[in-house]
Amino acid sequence: VIAPHNDDEVLGAGGAIQRHLRRGDPVSVVLLTNGDGQYRGPRLSRRRAVRLGYLRQEETLRALSALGLPERCVYFLGYPDRGLARLWSRHWPYENPYRAPQTGATRSPYENSFTPGAPYCGEALTQDLMEILRRERPHIIYLPHPCDTHPDHRSACAFTLYALQTLKEGQDEPSLALDGQVQLLGYLIHFEPWPLTQGRGMHKELRPPRPLIQASGTRWRSLPLTPEEVKRKKRALLCHRSQMRMLRPYLLSFVRRNELFEERSFELARVLFPFSTTTTPRILR
Ligand SMILES: [Zn+2]
């Protein structure tokens with residue numbers, strides 16, 4: 001599971017994670033940022049932003065533990081919240097790192113980053129993802145949907161596709177024919193005011209937003225959750241207390257009797273992303 005921010009792992013795939021664990025599948029979760037960009041609320045000092053990042057890591061570990069996933073299956077990469085699109089489009093090479101306004105850092109200030117002191121650039125993030133893919137050799141990747149309206153989410157999708165593609169084309173490791181055997185399932189988080197527009201309540205069904213049903217070439221899959229899985233997903237989400245304080249109704253509107261994944265738009269995303277992640281994907285026009 002690829003998650004741009006702490007809480008996306010539960011919002012998007014909290015039910016699917018439980019289902020895989022129950023089946024005995026190995027699961028790992030990759031957090032690209034530590035959510036240190038504070039979505040709403042007062043601006044934090046640089047030191048407090050890093051403290052918030054560590055706090056959100058703890059919240060993620062607690063949430064995933066509630067779903068049955070141990071700490072050793074979680075990767076924290078430590079890249080800057082709300083900065084992933086910049087890494088993708090403007091700060092690619094190691095010589096040109098991005099300075100995160102929240103923390104003032106040009107490399108990860110988090111001691112537990114997958115690559116200690118990871119430079120804030122696109123190339124470093126891609127290398128981290130490739131290394132994790134080599135280690136984990138996933139059969140299924142849950143990742144942000146390419147039409148998510150949050151630039152971090154679209155960029156997380158772009159980075160993942162690029163890392164897969166690069167591995168596939170790598171001449172050095174022909175045995176790692178990852179792509180093609182890997183099923184990509186996109187989860188959607190930001191398409192506000194969706195899903196609040198579909199009412200609230202754990203018994204409600206989550207349906208795709210209309211523009212994304214009509215978009216050509218999309219195929220949505222619904223994963224029906226058992227009442228126990230829904231309850232656990234809610235319990236896990238409540239572990240993200242720092243976010244609950246500000247966004248509770250919105251976040252809880254993702255706790256429903258099913259989860260949604262889309263599997264067709266990635267071919268299109270491959271064509272779109274080399275150019276930009278900051279404009280609306282063409283699939284929506
Ligand atoms: Zn997010």
Side-chain angles (χ1 to χ4, degrees), residues 1-17 29-41 44 49 52-64 67 74-88 100-103 110 120 125 128-129 141-161 184-196 206 208-209 212 233 236-256 259-262 269 273 277-278 280-281:
V1 179
I2 306 283
H5 313 108
N6 316 65
D7 68 10
D8 292 323
E9 74 287 359
V10 181
L11 292 171
I17 290 172
V29 173
V30 183
L31 269 299
L32 303 192
T33 78
N34 291 323
D36 49 16
Q38 192 75 299
Y39 190 54
R40 281 184 203 168
L44 302 173
L52 173 68
Y54 280 122
L55 172 71
R56 295 197 64 182
Q57 290 186 348
E58 280 172 33
E59 291 174 346
T60 286
L61 293 176
R62 242 174 272 146
L64 288 171
L67 299 179
V74 186
Y75 294 95
F76 293 113
L77 305 195
Y79 290 94
D81 186 4
R82 289 199 263 166
L84 299 186
R86 299 287 179 93
L87 301 197
W88 177 262
Q102 302 89 353
T103 58
Y110 300 95
Y120 281 175
L125 174 45
D128 280 358
L129 284 174
I141 300 179
Y142 294 90
L143 73 168
H145 192 281
C147 294
D148 195 293
T149 58
H150 192 308
D152 276 350
H153 282 240
R154 283 209 295 280
S155 307
C157 175
F159 274 113
T160 308
L161 297 181
L184 299 173
L185 294 174
Y187 63 82
L188 187 70
I189 304 294
H190 297 277
F191 212 83
E192 289 94 339
W194 179 93
L196 275 170
L206 184 65
L212 295 188
K233 174 168 176 165
L237 195 52
L238 291 174
C239 294
H240 287 286
R241 289 172 62 179
S242 64
Q243 303 312 294
M244 277 295 155
R245 276 206 299 274
M246 288 173 286
L247 300 163
R248 189 183 174 96
Y250 169 65
L251 297 178
L252 284 179
S253 71
F254 284 87
V255 180
R256 294 175 186 244
E259 285 179 347
L260 276 180
F261 302 103
E262 206 274 306
F273 280 137
T277 60
T278 49
T280 311

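Start at 1 and go down the list; that is how both ligands and their atoms are numbered. Basis for what follows: all heavy atoms, side chains included, without hydrogens, waters or symmetry-related copies.
Between the side chains of Asp36 and Tyr110, a donor-acceptor pair is found at a separation under 3.5 Å. A donor-acceptor pair shorter than 3.5 Å cannot be found between the side chains of Asn6 and His240.
By the criterion of a separation under 2.8 Å, the protein N/O/S atoms near the Zn ion (ligand 1) amount to His5 ND1, Asp8 OD1, Asp8 OD2, His153 NE2.
Distance check: Trp194 CH2 to Ile189 CD1 gives 7.0 Å after rounding to the nearest 0.5 Å.
Contacts of Pro208 classified as side chain to side chain contact (heavy atoms under 4.5 Å, CB included), with partners at least two apart in sequence or in another chain: Ile213, Trp220, Leu260.
A heavy-atom distance below 4.5 Å is found between the side chains of Pro80 and Leu87.
Remark: the backbone N or O of Pro195 is not paired with any side-chain donor or acceptor of Ser253 at under 3.5 angstrom.
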